[in-house]
Student: 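Here it is, the structure, as C-alpha cells.
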Amino acid sequence: MPDKSQPLLIQSAQVVRASGTLETCDVLVEDGKISAVSRNLTAPSGIRIIDASEMVMLPGLFDTHAHLREPGHEDSETLESGAQAALRGGITGLVMMPDTHPPIDNGGMVQSVLDVASKVSSKLDFHVAGCISKGGRGEDLAEIGDMQMRGAVMITDDPNSISNPQLMRRALQYARGLGVLVAAHCDTPELTAAGSMNDGRISYRLGLPGMHACSEEICLVRDIRLAQAMNTRIHIQHLTTARGVETLARYKKEGMAVTAGVTPHHLIFTEENVGEYNTNFKVKPPLRTHSDTLALQQGLRAGVIDVIATDHSPFTEFEKEREFANAPFGMTGLETALPALYQNLIRPGLLDWATLVERFSRAPRRLINVPVAAIEPGQVANWVLFNPNGVSHFNRDALGSKSFNTPFLDQTLPGQVVMVMLKNQILLDRTRA
Ligand SMILES: [Zn+2]
C-alpha cells in the first residue's frame with residue numbers, strides 16, 4: 001500500500017467535471033482532498049506526479065444493486081471479496097441486496113451486516129438494503145421502520161417481485177411515511193415460474209421454457225401505478241424491455257417520481273448470447289432481443305433510465321455448472337462493468353463519458369441520498385483513473401470476486417482501471433505496473 005498521506009499531482013487527465021464537461025486538467029490531491037483542478041498546475045517540490053495524458057479521470061462509480069453472499073454463502077462472495085471486486089472495477093460505493101441467509105429483514109440483521117461491513121468501509125462506501133417482506137417470502141411486511149432506523153437505505157425483495165399487490169400497496173404506503181425508497185424487481189412469478197431465458201425464437205430452438213417480456217411489463221405497470229396511487233416514489237431495479245422504457249417515459253412525463261436502472265449486461269448482450277446453453281448468460285430478468293437492447297441504450301442516453309446498476313450475482317462454479325434449466329440466475333458485474341461499457345458503448349460512440357458518470361456515479365448516489373462524488377476543489381478524494389489504451393484481463397487470478405460466473409472470464413477487454421482513490425487512501429495503483 002503506497003503512503004497514504006503523500007500528495008499527488010495528476011497531470012493532463014481528461015477530467016469529467018461536475019458540470020458534465022470533459023476537460024484536460026491537472027488535479028492536485030492533498031490529505032485525502034482535491035485541492036486544485038486547473039490547467040498547468042505547478043508541481044510543489046517532492047510531490048508524486050502521475051502522467052495521465054491518455055487517461056480519463058472520473059468520480060468513483062456507485063452500484064445500487066449488488067448481491068454479496070455474507071452471511072450464508074461465503075463460498076461465493078464475502079463482503080471483503082465483494083469490496084475487492086468493486087474497487088478493481090472503479091466502483092467506490094454500493095448498496096448490498098438483502099437476500100442473504102438469513103435474509104436482511106429486521107433491524108438487528110441490518111445492524112449486524114453493517115458491523116461486519118465496518119472492516120471494509122475504508123475501501124468502500126458500503127450501504128445495505130432491507131427486505132420488503134419477512135424472509136423475502138412475499139407474505140408479511142418486514143420491520144421496515146426498524147431497518148431504516150438502523151441504516152437500511154432501500155427496501156426490496158430482489159431477486160423476487162412482490163406477487164401480492166396488496167402487500168406491495170402496503171409497503172409503498174408505509175415507505176411514504178418513513179421516506180424510505182422502495183425498489184422493485186418486476187416479474188409475474190405465475191407467468192415465469194419454470195422459465196430460464198427470454199421467451200421467443202431462441203428459447204423455442206433450445207427447447208427451454210421461456211420468460212415472456214410481458215411478465216416483467218405487467219408487474220412494472222402494476223408497481224408504478226400502485227406507487228402513483230399511494231403518492232410514493234418508486235425505483236424499478238432493472239428494465240429490460242423496449243415497452244418498459246416506453247412505460248417509464250410516459251409516467252415520467254406525467255411528473256411522477258419514478259426512477260429506473262439497467263444492468264450493463266442488458267445494455268450489451270441479447271438472448272442470442274445464450275448460444276448453446278451457456279449458463280453465464282442465464283440471468284433474471286433474462287437477456288432480451290436486439291431491439292430491446294437498443295431501446296435500453298436509447299433510454300439510458302435520454303435519461304428515461306436513471307442509473308446503471310450491475311446486479312452483481314456471484315455463484316460458485318459448482319452451482320453454475322448445472323444444466324441450463326437448473327442453474328441459478330445471475331452473473332457477476334462489479335469489476336467488469338466499466339471496461340465492458342467502455343468497449344461496447346463508449347468506444348463505439350453510443351454513450352459519452354459525462355452520461356456514464358451521471359448514470360453510474362452521480363444519479364445512484366442521489367437515489368439513496370448520499371453526497372455525490374465530484375472532481376472539484378474542496379471535494380473529498382473519490383476518483384478513478386481509467387486508461388482507454390490499457391487492457392483488462394479477466395482470468396481467475398486477476399478477479400477480486402470469489403466467483404467466476406461472468407461471460408468475460410478469460411477474456412481481455414480494452415481499457416483498464418489503473419488507479420482508485422477514496423478519501424485518504426489509494427486503494428488501487430497499477431500506474432507502476
Ligand atoms: Zn432483480
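Just so you know, ligand 1 is whichever comes first in the structure, and atom 1 is the first atom listed for that ligand.
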Student: So, at under 2.8 Å, which protein N, O or S atoms would a careful student list around the Zn ion (ligand 1)?
Tutor: Asp158 OD2, His185 ND1, His238 NE2
Student: Which atom pair, heavy atoms only, marks the closest approach of Gly299 to Val245?
Tutor: CA-CG1, 4.0 Å
Student: What pairs of residues pass the ring pair (Phe, Tyr, Trp, His ring centres under 6.0 Å) test when at least one of them lies in residues 277-336, not counting sequence neighbours?
Tutor: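 Listed once each, the pairs are Phe269-Phe281.
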Student: Taking only residues two or more places apart in sequence or in another chain, which ones pass side-chain contact (heavy atoms from CB on, under 4.5 Å) with Glu143?
Tutor: Asn106, Asp146
Student: Just to verify, what does Thr336 make a side-chain contact (heavy atoms from CB on, under 4.5 Å) with, not counting sequence neighbours?
Tutor: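 Thr336 satisfies side-chain contact (heavy atoms from CB on, under 4.5 Å) with Phe394, Thr406, Phe408 once adjacent residues are dropped.
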Student: Take atom CZ in Arg170; do more than 12 heavy atoms of anything else shown fall under 6.0 Å from it?
Tutor: no
Student: Ignoring hydrogens and angles, state whether a donor on the side chain of Glu23 or Thr21 is under 3.5 Å from an acceptor on the partner side chain.
Tutor: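 Their side chains do contain a donor-acceptor pair, which is all the 3.5 Å distance test asks for.
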